[in-house]
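Here it is, the structure, as C-alpha cells.
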Amino acid sequence: MAVALVVIAAGVSLGLWAASGGEGGATGPEARASRGGVAAAPTEPGTSPSPSPTRSYPLSEAPRTIPAVRDHTPARGPGWRPEKGNRVVVDDPALADEGRLIAGELGLTYQGEKSDKRAGDLRLSLNDDKGANPESYVMTVRDGRVEISGPADAGVFYGTRTLKQEAHDGGTAPEGVVRDEPAKAQRGLMLDIARKNFTAGWIEDRIRELGDLKFNQLGLHFSDDQGFRIASDTHPEVVSQQHLTKAQVRRIVDLAESRHITVVPEIDSPGHLGAVLDAHPDLQLRSAQGSPVQGAIDISKPESAEIVDDLLNEYADLFPGGSWHLGGDEYQALTRSNPEASFPQLAAAAREKYGSGATVADLATGWLNDRAATVREHQRTPRAWNDGFFRGGSVQADKDIQVAYWTGKEIGARQPAEYLSAGRKVINYNDEFLYYVLGEPQTFVYPTGQRIYEQWTPRVLRGTAAVPERYDGQILGGSFAVWCDLANSQTQDQVAAGIRMPLRATVQKLWDPDRPELSWAEFRALADRLG
C-alpha cells in the first residue's frame with residue numbers, strides 16, 4: 001500500500017512539473033512567504049547535480065533578507081548552499097571584485113572567467129538590459145547552481161548581498177528566481193564626525209554594515225563649530241588635533257567603493273564654521289555692535305569665500321563621488337528680526353552685488369550658488385539643507401542644488417511641497433524619524449526602528465504627513481543621520497548599537513516603501529538571526 005501511494009504521488013508531482021513548463025509553479029502571493037528550501041546533498045565538483053524539480057521537494061518559499069526581496073518566483077528543488085570546493089566564476093572581468101568578495105565571505109574558490117558549468121557554481125554575469133535600473137539584479141537558483149546577473153556591477157553586488165544573507169549560519173538559498181531592485185536611488189547614512197571624533201576603524205565597520213544592507217551613500221559632516229576632522233594641506237591651521245589622515249580617508253573611500261557606496265563630504269557654510277574661524281577670527285561675522293556671531297563667517301569679505309573654496313577644491317580629489325553637500329543651514333545672521341540693521345556690512349555687500357533692493361538673504365543665496373559653482377567644476381552635484389533656501393528675494397538658489405529636507409522648524413519654514421512644486425529634487429532627512437541626536441537635546445528623542453518601519457516612507461518629508469504621490473519621482477531617496485550635539489553622551493560602540501535597527505528599518509522602506517509583509521517583531525527577529 002505504501003509503495004502504491006509513492007507511485008501515485010510521483011505521478012502527481014511530475015504532472016505538476018510538466019504543466020508548469022519546468023519553471024516550478026505559480027508566482028502568486030505564496031511566492032513571498034518565509035525562506036525555505038531543503039539542503040541539497042553534497043556533490044563533487046565537476047559532477048552533475050540531481051535535477052531540481054523532483055517530487056521530494058515542496059514549492060520553495062521566498063528568501064528572508066533585509067531589505068526584503070521584491071519578487072520571488074518559487075520552484076521545486078533543494079536550493080543552494082555554499083560547500084567547500086564550490087567555484088565563484090564571472091562572465092566579465094568587471095565583476096572580479098564582486099566575485100572575490102563573495103568567495104571570501106562564503107568560503108568558496110574564486111576562479112575568474114570560466115564558461116563551463118559545474119555543480120555548486122556561483123556565476124556572476126552582466127546582462128544586456130540597457131534600460132534597466134543599474135542597481136537591479138536577477139538571481140536564479142536551479143540545478144544546484146546560482147547565477148546572479150544584472151545590467152551593471154552594482155546590481156550584481158546587491159545580488160551577492162542577498163545570497164550572503166540567505167547562506168548565513170548554514171542557511172540555504174531557496175530554489176527559484178529573485179527579481180529585485182530598489183525603489184529609491186539614494187539610500188544613506190550621514191555621520192557627524194566633526195562634533196565627535198569617530199575612529200577610522202569604526203567608520204569602516206559601518207561601511208561593511210551598510211554594504212550588506214544595500215545602502216549606497218555615506219555622508220561625512222567633517223567640519224563644524226566643534227571640530228574639523230580631516231587633514232588639510234591648504235589650511236592645516238584649521239584641523240583639529242583628533243582627525244582622520246588623508247591616507248585613512250582614502251582607505252575609507254576605497255572600502256566604500258568596493259561596496260558600491262559613495263562618500264558624500266560636507267563642509268557646512270556659511271554657518272557652522274567655528275573650527276575654521278578659531279584659526280581665522282578676522283573672518284568671523286560681527287554685529288553692528290561688534291559682537292561675534294558663533295560659527296558664522298562674514299560673507300561680505302572676499303577672503304571668506306577664498307578659504308572655503310580652497311578647502312572645497314582640495315578635497316575634490318579625496319572624495320571622487322558624484323555628490324557634494326554644501327550645508328547652508330542655520331546662518332545666524334538670518335535669525336535676527338532685522339538682518340540688514342544688525343549686519344550693515346552684509347546689507348551693503350548685498351546691495352552692491354545684487355542691486356538696491358537686495359537683502360542679506362540674497363547675499364546668503366549668492367554664497368550658496370558660488371559654492372555650488374566651485375564643486376560643479378569638479379563634476380559634483382550640490383545639495384544643501386532646506387533652511388538654506390529662502391522664499392522670495394531677487395536671488396534664487398540654482399535649480400540643480402538638491403534639497404536635503406530635514407526640518408520644518410526654521411524661521412520662515414516652508415512645506416516640502418513648495419520645493420517639489422518648484423521642480424526641485426529632494427532627499428529625505430526628516431528629523432522626526434531619521435535624526436539620531438546624541439544626548440537628545442531640545443525636543444529630539446532617539447528614533448526607533450519600529451516607528452520608521454511602521455510609520456515612515458520616503459514621501460514623509462516633514463512631520464508625519466506624506467506629500468502627494470505625484471511628487472514621488474522627485475524624492476531621490478533618504479538618509480538616516482547621526483548628529484553629535486552632546487558628543488560624550490554615548491561611546492561610538494553605543495552609537496553603533498543604537499542605530500542598528502533604525503538603519504535596517506530605513507533601508508527596508510527605501511528599497512520598498514510599501515507596507516512590509518513582516519510584522520515589526522518578525523523583522524526584528526530576522527535582524528537578530530542575520531546578525
Side-chain angles (χ1 to χ4, degrees), residues 188-203 205-206 209-210 215 218-230 239-244 264-269 271-278 293-296 325 327-332 335 385-388 404-411 413 428-453 455-456 460 462-464 478-506:
L189 166 65
M190 194 228 73
L191 293 174
D192 172 11
I193 66 171
R195 293 182 177 96
K196 183 178 182 67
N197 181 60
F198 290 93
T199 65
W202 188 90
I203 296 171
D205 285 344
R206 300 290 73 70
E209 179 181 14
L210 294 175
F215 280 90
L218 172 66
L220 292 181
H221 176 95
F222 65 89
S223 170
D224 212 302
D225 295 345
Q226 294 82 356
F228 193 102
R229 300 292 182 185
I230 295 178
V239 179
S240 301
Q241 183 176 5
Q242 288 185 309
H243 65 271
L244 298 172
V264 181
E266 181 189 359
I267 298 176
D268 200 346
S269 77
H272 295 283
L273 280 171
V276 172
L277 294 171
D278 285 346
V293 180
Q294 175 63 35
H325 204 315
D329 63 313
E330 298 180 328
Y331 188 49
Q332 293 302 306
T335 64
W385 300 112
N386 63 286
D387 52 332
Y405 199 97
W406 72 280
T407 187
K409 303 179 180 73
E410 78 277 14
I411 295 173
N428 192 325
Y429 289 79
N430 187 340
D431 64 346
E432 177 78 17
F433 290 92
L434 305 179
Y435 262 37
Y436 192 94
V437 185
L438 266 60
E440 301 181 305
Q442 303 176 56
T443 59
F444 289 107
V445 295
Y446 292 127
T448 68
Q450 181 173 2
R451 190 160 179 258
I452 297 168
Y453 189 77
Q455 300 180 30
W456 180 80
V460 180
R462 171 180 175 176
T464 59
S479 181
F480 192 84
V482 176
W483 292 103
C484 302
D485 292 42
L486 300 174
N488 296 324
S489 301
Q490 289 189 343
T491 66
Q492 60 181 16
D493 290 339
Q494 287 173 321
V495 173
I499 67 176
R500 180 176 173 273
M501 287 310 300
L503 281 178
R504 283 151 177 78
T506 299

Which of these passes side-chain hydrogen bond (donor to acceptor under 3.5 Å, both in side chains) with H272: E330, E266, Q226?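 Only one of E330, E266, Q226 forms a side-chain hydrogen bond (donor to acceptor under 3.5 Å, both in side chains) with H272, namely E330.
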
Are any of the side-chain heavy atoms of V482 and L191 separated by less than 4.5 Å?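 Answer yes - side chains close enough.
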
Check whether any side-chain heavy atom of T464 sits under 4.5 Å from a side-chain heavy atom of R451, and report yes or no.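 The answer is yes; the side chains approach within 4.5 Å.
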
Partners passing side-chain hydrogen bond (donor to acceptor under 3.5 Å, both in side chains) against T448 (at least two apart in sequence or in another chain):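 Here no residue qualifies.
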
Go through F222 and F228 one step at a time and tell me if the ring pair (Phe, Tyr, Trp, His ring centres under 6.0 Å) criterion holds. CA-CA 6 Å; F222 65 89; F228 193 102; 5.5 Å; yes

Is any side-chain heavy atom of L218 closer than 4.5 Å to a side-chain heavy atom of R206?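 Not in contact.
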
Restricting to ring pair (Phe, Tyr, Trp, His ring centres under 6.0 Å), what partner residues turn up for F480, sequence neighbours left out?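 If we apply the ring pair (Phe, Tyr, Trp, His ring centres under 6.0 Å) test to F480, skipping adjacent residues, there are no hits.
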
4.5 Å side-chain heavy-atom contact, D493 and W202: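 Counting from C-beta outward, D493 and W202 do come under 4.5 Å.
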
Sidechain-backbone polar pair: R229 side chain, Q242 backbone, donor-acceptor under 3.5 Å: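 Answer holds: yes.
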
Less than 4.5 Å apart, any side-chain heavy atom of L244 and any of I193?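 Counting from C-beta outward, L244 and I193 do come under 4.5 Å.
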
Answer whether the closest heavy-atom distance between the side chains of L277 and D225 falls below 4.5 Å.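 No, every pair of side-chain atoms sits at 4.5 Å or beyond.
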
Do M190 and W406 have side chains that get closer than 4.5 Å, going by heavy atoms?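 The answer is no, as the side chains (C-beta and beyond) never meet within the 4.5 Å cut-off.
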
Using the rule ring pair (Phe, Tyr, Trp, His ring centres under 6.0 Å), only one of W483, Y435, W456, W385 pairs with Y429; which is it?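 Of W483, Y435, W456, W385, ring pair (Phe, Tyr, Trp, His ring centres under 6.0 Å) with Y429 is met by W385 alone.
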
Is any side-chain N of the basic residue among R504 and E209 closer than 4.0 Å to the acidic one's carboxylate O?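 Salt bridge: yes.
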
